[in-house]
Amino acid sequence: QVTLVESGGGSVQPGGSLRLSCTASGFDLANYAIGWFRQTPGKEREGVSRISRNDDSTLYAGSVKGRFTISRDKANNAVYLQMNSLKPEDTAVYYCATIGGTTFTAGNLNMDGIQWGKGTLVTVST
């Protein structure tokens, strides 16, 4: 069975850090571009970051650039999202997904997610 699982979410104060993990079973993440998305109730899902399949090049939405870092751990079949300097507006459910097409325009990262995890909740508040 092919599954993606996100972990590492939690509650943190503004300015804090979290590292999210996306792990896979049934397939090798290294063979796919992987993206992180987030969504809050009443808002559209937002593309956060992407790491490519071929050369691990990265893209970031303008809202997180300079604060978040995506990376790949091939030994552990995982992709991470290191989130620093967190803000209340980063509060959301975060999802990872295998990625098809990608467009990146004016800081907006639009990705076609194919295989999805169930998400992990990140809450940033005092």
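Because the structure is predicted, anything quoted here is derived from the model rather than measured.
Looking at heavy atoms from C-beta onward, D73 lies out of side-chain contact with V79 at the 4.5 angstrom threshold. At least one side-chain heavy atom of L4 sits less than 4.5 Å from a side-chain heavy atom of F27.
Side-chain N or O atoms of N77 include none that pairs as donor or acceptor with a backbone N or O of D28 at under 3.5 Å.
Scanning both residues, W36 and C22, for their nearest heavy atoms gives CZ2-CB, 3.5 Å. Heavy atoms only, all atoms of each residue included: E44 and Q39 are closest at C-NE2, 4.1 Å. Nearest heavy-atom pair across S49 and L81 is CB-CD1, 4.1 Å. Between L109 and A61, the shortest heavy-atom distance links the atoms CD2-N, 4.3 Å. When every heavy atom of S17 is checked against every heavy atom of V12, the shortest pair comes out as N-CG2, 3.9 Å. The minimum heavy-atom distance linking A33 with R72 is given by the pair CA-NH2, 4.3 Å.
Residue I99 is not grouped with residue V64 when hydrophobic side chains (ILVMFWY) are merged at heavy-atom distances under 4.5 angstrom, including chains of intermediate members. Residues V2 and I114 fall into different hydrophobic clusters, defined by Ile, Leu, Val, Met, Phe, Trp and Tyr side chains chained together at heavy-atom separations under 4.5 Å. Residues V48 and I70 share a single hydrophobic cluster, defined by chaining ILVMFWY side chains whose heavy atoms lie under 4.5 Å apart. Both L20 and I51 belong to a single network of hydrophobic side chains, linked directly or stepwise wherever heavy atoms of I, L, V, M, F, W or Y lie under 4.5 Å apart. When hydrophobic clusters are built by joining Ile, Leu, Val, Met, Phe, Trp and Tyr residues whose side-chain heavy atoms come closer than 4.5 Å, directly or via intermediates, I34 is grouped together with M83.
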From CA spacing to verdict: side-chain contact (heavy atoms from CB on, under 4.5 Å), S125, Q13
CA-CA 5 Å; S125 66; Q13 292 187 341; over 6 Å; no

Got a list of side-chain donor-acceptor pairs under 3.5 Å for residues 88-97, not counting sequence neighbours?
residue : atom : partner : partner atom : Å
D90     : OD1  : R38     : NH1          : 2.8
D90     : OD1  : R67     : NH2          : 3.0
D90     : OD2  : R67     : NH1          : 2.7
D90     : OD2  : R67     : NH2          : 3.4
D90     : OD2  : K87     : N            : 2.7
T91     : OG1  : P88     : O            : 2.9
T91     : OG1  : V124    : N            : 2.8
T91     : OG1  : V124    : O            : 3.4
Y94     : OH   : R38     : NH1          : 2.9
Y94     : OH   : D90     : O            : 2.6

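Pairs of residues two or more places apart, or lying in two chains, never qualify as ring-ring contact (aromatic ring centres under 6.0 Å, His included) while including a residue from residues 40-74. A side-chain hydrogen bond (donor to acceptor under 3.5 Å, both in side chains) check over residues 98-121, counting only residues at least two apart or in different chains, returns the pairs R50-T102.
Between the side chains of S52 and N54, no donor-acceptor pair is found at a separation under 3.5 Å. Looking only at atom types and distance, the side chain of T23 has no donor-acceptor partner in the side chain of E6 under 3.5 Å away.
Of the inter-residue distances, the one linking L121 atom CG with T123 atom OG1 reads 4.0 Å to the nearest 0.5 angstrom. Distance check: R53 CZ to L29 CG gives 13.0 Å after rounding to the nearest 0.5 Å.
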